[in-house]
Amino acid sequence: MLKNIWEWFLWFTGVTDAGWSAWWGGFFSCLPLFGVFAVVWRRLKCHAPGCHRIGLHRTADGLYVLCSKTSSRCT
């Protein structure tokens with residue numbers, strides 16, 4: 001079982017078929033994109049605790065972004 005998981009992981013990252021060149025050209029080259037998506041999500045996400053909606057409304061001081069449901073509750 002553990003060997004199957006390890007083989008799947010090596011196949012998924014591209015190490016088994018073409019050696020390390022597939023790692024650098026495939027899976028590893030996508031890691032910066034994941035970082036960009038994480039930063040954009042963190043920037044656009046509602047800042048209320050536990051809320052994962054997209055925030056479109058700024059607070060009065062302009063520091064936080066809230067979704068429509070949270071912003072109507074805060075006012």
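We number each residue from 1, following the sequence as shown. Keep in mind the model is a prediction, meaning the values are calculated, not measured.
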Novice: Quick check for you: to the nearest 0.5 Å, what is the distance between Leu44 atom CG and Arg53 atom CZ?
Specialist: 15.5 Å
Novice: Using a 4.5 Å cut-off on heavy atoms from C-beta on, say whether the side chain of His57 contacts that of Ser68.
Specialist: yes
Novice: Would you say Phe34 and Val39 make side-chain contact, with heavy atoms under 4.5 Å?
Specialist: no
Novice: Do any N or O atoms from the side chain of His47 and from the backbone of Leu66 form a donor-acceptor pair under 3.5 angstrom?
Specialist: no
Novice: In terms of hydrophobic clusters joined by side-chain contacts under 4.5 Å, are Leu56 and Trp41 together?
Specialist: yes
Novice: What closest approach, in Å, do Cys67 and Cys46 show between heavy atoms, and which atom pair accounts for it?
Specialist: N-SG, 3.3 Å
Novice: Does any non-hydrogen side-chain atom of Val40 lie less than 4.5 Å from one of Arg43?
Specialist: no
Novice: Tell me whether Leu31 is reachable from Leu33 by hopping between hydrophobic residues (I, L, V, M, F, W, Y) whose side-chain heavy atoms are closer than 4.5 Å.
Specialist: no
